[in-house]
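Following: one structure in structure tokens, then a few remarks.
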Amino acid sequence: VTTTITATAPAAFDAGGGRWAAIFEARTISINDAGSGLFHHMSGHCIGSDLLGRLNGVCTYVDRDGDKIVESFGRETGGRSGTGTLLGGTGKYNGIEGSVEFTEAPPLADTAPGQRNLISTGGGRYTLP
């Protein structure tokens, strides 16, 4: 799955010693590289925090039918790789469980002040009841 991410941090401060505390919001668009399947043509909305070396968040992904998947994710601040857990969903994704691994490419150029643009690739496993 390849995901484009546009994120902003509406509140952040330098916590000293090279560490930061921030909250963020992101919008995503995902495409399953196989051309179909889970996360193909899904949009997402994420919120989270980057607190003293650990970035954590929760995303809701929505497909064209309006069905949703909820995922929690995390990675070390400054790192490029992380993991996620599929926490459930609605409609055809009701009861989904699974795990994902992802790697972010270096950030792209920002298109607006305070905006961060990224591309993430990854995959994982899931089960449906």
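Just so you know, these numbers come straight off a predicted model, no measurement behind them. Below, each value reflects all heavy atoms present in this structure, side chains not excepted, and no hydrogens, waters or symmetry copies.
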Interatomic spacing from CD1 in I23 to CG in L51 - rounded to 0.5 Å: 9.5 Å

Please determine whether residues Y126 and Y61 belong to a single hydrophobic cluster, defined as Ile, Leu, Val, Met, Phe, Trp and Tyr linked transitively by side-chain heavy-atom distances below 4.5 Å. yes

Heavy-atom nearest pair, I5 first then S120, reads CD1-CB, 3.9 Å

Hydrophobic cluster membership, with links at side-chain heavy-atom distances under 4.5 Å among I/L/V/M/F/W/Y: are I69 and L128 in one? yes

Applying side chain to side chain donor-acceptor pair (under 3.5 Å), which residue pairs with at least one partner in residues 97-106 are found, sequence neighbours left out? R75-E104, S81-T103

Mind checking whether I96 and V1 sit in one hydrophobic cluster, side chains of I, L, V, M, F, W, Y counted as touching below 4.5 Å? yes

For the pair D110 and R116, find out whether any cationic side-chain nitrogen is under 4.0 Å from an anionic carboxylate oxygen. no

Within residues 36-55 or reaching into it, pairs that qualify as salt bridge (charged side-chain N to carboxylate O under 4.0 Å, His left out) - sequence neighbours excluded: R54-E76

Taking every heavy atom of L118 against every heavy atom of A105, the minimum-distance pair comes out as CD2-O, 4.2 Å

What's the spacing between L55 CG and T77 OG1 if we round to 0.5 Å? 5.5 Å

Point-to-point distance, once rounded to the nearest 0.5 Å, from OG1 of T28 to CE of M42: 9.0 Å

Flag for D67-T90: side-chain donor and acceptor within less than 3.5 Å: no

Side chain to side chain, F39 and T3, heavy atoms closer than 4.5 Å: no

Once the angle between the rings of F73 and F24 is folded into 0 to 90°, is it parallel (under 30°), tilted (30 to 60°) or perpendicular (over 60°)? tilted

Side-chain donor/acceptor of H40 to backbone N/O of G35, under 3.5 Å: yes

Does the distance from a Lys or Arg side-chain N to an Asp or Glu carboxylate O, for K68 and D63, drop under 4.0 Å? no

Please collect all salt bridge (charged side-chain N to carboxylate O under 4.0 Å, His left out) contacts where either partner lies in residues 119-129, sequence neighbours excluded, each pair once. none

In terms of heavy-atom contacts, G74 and N56 come closest through CA-OD1, 3.7 Å

I want to check something: taking the side chain as every heavy atom from C-beta on, are V70 and C59 in contact at a cut-off of under 4.5 Å? no

Under 4.5 Å between any side-chain heavy atoms of I119 and T2, yes or no? yes

